[in-house]
Amino acid sequence: MKRLIGAAAVAGVAIFGGAGAFDDDTTRDASGDITEAGGLGVFAMQVGDCFQLPDSETVESVEAVPCDVPHDAQVLAKPSSSYSGIYDETAVWESGIETCTSYFNGFVGKSYAESELYVDLFFPVAEGWADDDRSLVCLLVPSPDEAQLVGDMANSQR
């Protein structure tokens, strides 16, 4: 099974045992918003989902929560990596941050340079990369001065 990892540059990431990588144990309303917390696999995440970051580097799933509950991160986008070289964790992460930042203004409604929010990401481990997994999960995370996010950051102008 392929797993995604994230660099601990802004927010650490880890394994959460509540769901598998493809599972969604949350309850959602008709628009797809999470209304009841539950385990959420990284491959089941949807743009806009809010969740708590686990504490280690390898992630298979997270604890997703409604966005009005204080949370550690929100899914900004789910693009593919534009990096095409031999797997190098730093190169994949740096390229991914550049890709993720390109989605920022369209989601938040404010430029990244002017915002108080940060971008981080989940990206494939070497094993997944070898299996042609190029999935990224772009994350909005709070600034180091903020403990958690509260509310949906889409069009928040933060």
Side-chain angles (χ1 to χ4, degrees), residues 1-81 92-93 96-125 128 133-158:
M1 174 180 301
K2 299 171 224 164
R3 293 185 178 194
L4 297 179
I5 63 172
V10 175
V13 293
I15 296 173
F16 174 78
F22 294 93
D23 295 339
D24 183 350
D25 296 333
T26 64
T27 301
R28 295 176 181 270
D29 64 18
S31 68
D33 292 337
I34 295 170
T35 57
E36 284 187 42
L40 181 63
V42 292
F43 293 111
M45 290 178 160
Q46 298 178 24
V47 172
D49 285 350
C50 297
F51 61 94
Q52 309 301 353
L53 288 168
D55 292 329
S56 70
E57 290 183 10
T58 304
V59 173
E60 184 172 282
S61 63
V62 298
E63 178 69 14
V65 297
C67 289
D68 60 351
V69 172
H71 52 279
D72 299 326
Q74 183 171 6
V75 178
L76 166 64
K78 292 185 65 178
S80 292
S81 176
V92 172
W93 185 82
I97 288 294
E98 186 175 317
T99 297
C100 291
T101 302
S102 73
Y103 289 88
F104 190 89
N105 191 352
F107 188 88
V108 176
K110 188 176 193 177
S111 77
Y112 187 61
E114 298 172 325
S115 176
E116 60 193 60
L117 299 172
Y118 282 69
V119 172
D120 205 348
L121 73 147
F122 295 153
F123 57 92
V125 295
D133 178 11
R134 301 296 186 266
S135 323
L136 302 176
V137 180
C138 301
L139 312 176
L140 290 173
V141 295
S143 72
D145 298 335
E146 249 184 300
Q148 291 187 299
L149 301 173
V150 178
D152 184 350
M153 298 296 109
N155 300 308
S156 68
Q157 297 287 315
R158 287 189 59 193

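Keep in mind that what you see is a predicted model, and the values were worked out from it rather than measured. Because only heavy atoms are used, hydrogens play no part in the values below, and waters and symmetry mates are left out as well, while side chains stay in. Sequence positions, counted from 1, serve as the residue numbers for this chain.
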Kindly compute the distance separating [atom1] ([X]) from [atom2] ([Y]), expressed to the nearest 0.5 Å.
{"X": "Gln74", "Y": "Cys138", "atom1": "CD", "atom2": "SG", "result": "12.5 Å"}
{"X": "Trp93", "Y": "Cys100", "atom1": "CH2", "atom2": "SG", "result": "10.0 Å"}
{"X": "Tyr118", "Y": "Thr101", "atom1": "OH", "atom2": "OG1", "result": "12.0 Å"}
{"X": "Lys110", "Y": "Met153", "atom1": "NZ", "atom2": "CE", "result": "12.0 Å"}
{"X": "Leu117", "Y": "Ser156", "atom1": "CG", "atom2": "OG", "result": "5.5 Å"}
{"X": "Leu149", "Y": "Cys67", "atom1": "CG", "atom2": "SG", "result": "9.0 Å"}

Taking all heavy atoms of [X] and all of [Y], pick out the closest pair and write down the distance.
{"X": "Leu121", "Y": "Gly96", "value": "CD1-CA, 3.9 Å"}
{"X": "Pro124", "Y": "Asp133", "value": "CG-O, 3.2 Å"}
{"X": "Ala147", "Y": "Asp72", "value": "O-OD1, 4.5 Å"}
{"X": "Val62", "Y": "Pro54", "value": "CG1-CD, 3.9 Å"}
{"X": "Leu76", "Y": "Val47", "value": "O-CG1, 3.5 Å"}
{"X": "Met45", "Y": "Val137", "value": "SD-CG1, 3.7 Å"}

Less than 4.5 Å apart, side chain to side chain, heavy atoms only: is that true for [X] and [Y]?
{"X": "Ser61", "Y": "Leu40", "result": "no"}
{"X": "Pro70", "Y": "Val150", "result": "yes"}
{"X": "Phe122", "Y": "Leu53", "result": "yes"}
{"X": "Phe123", "Y": "Ser81", "result": "no"}

Full working for side chain to side chain contact (heavy atoms under 4.5 Å, CB included) between Phe51 and Leu139
CA-CA 10 Å; Phe51 61 94; Leu139 312 176; 3.5 Å; yes
What is the ring orientation for Phe43 with Phe22, classed by angle as parallel under 30°, tilted 30 to 60°, or perpendicular over 60°?
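It falls in the parallel class, under 30°.
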Let's go through Phe104 and Val119 carefully: what are the C-alpha distance in whole Å and the side-chain angles of both, what is the deciding distance for side chain to side chain contact (heavy atoms under 4.5 Å, CB included) to 0.1 Å, and is it a yes or a no?
CA-CA 8 Å; Phe104 190 89; Val119 172; 3.7 Å; yes
Donor-acceptor side-chain pairing of Ser31 and Asp29 below 3.5 angstrom:
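Ser31 vs Asp29: donor-acceptor pair found between side chains.
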Counting heavy atoms not belonging to Gln148, are there more than 12 under 6.0 Å from its CD?
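Yes, the 6.0 Å shell around CD holds more than 12 heavy atoms from other groups.
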Any side-chain to backbone donor/acceptor pair from Glu116 onto Arg158? Under 3.5 Å, distance only.
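Not a single qualifying donor-acceptor pair exists.
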Do the charged groups of Asp49 and Lys78 touch, with an N to O distance under 4.0 Å?
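So Asp49 does not pair with Lys78 through a salt bridge.
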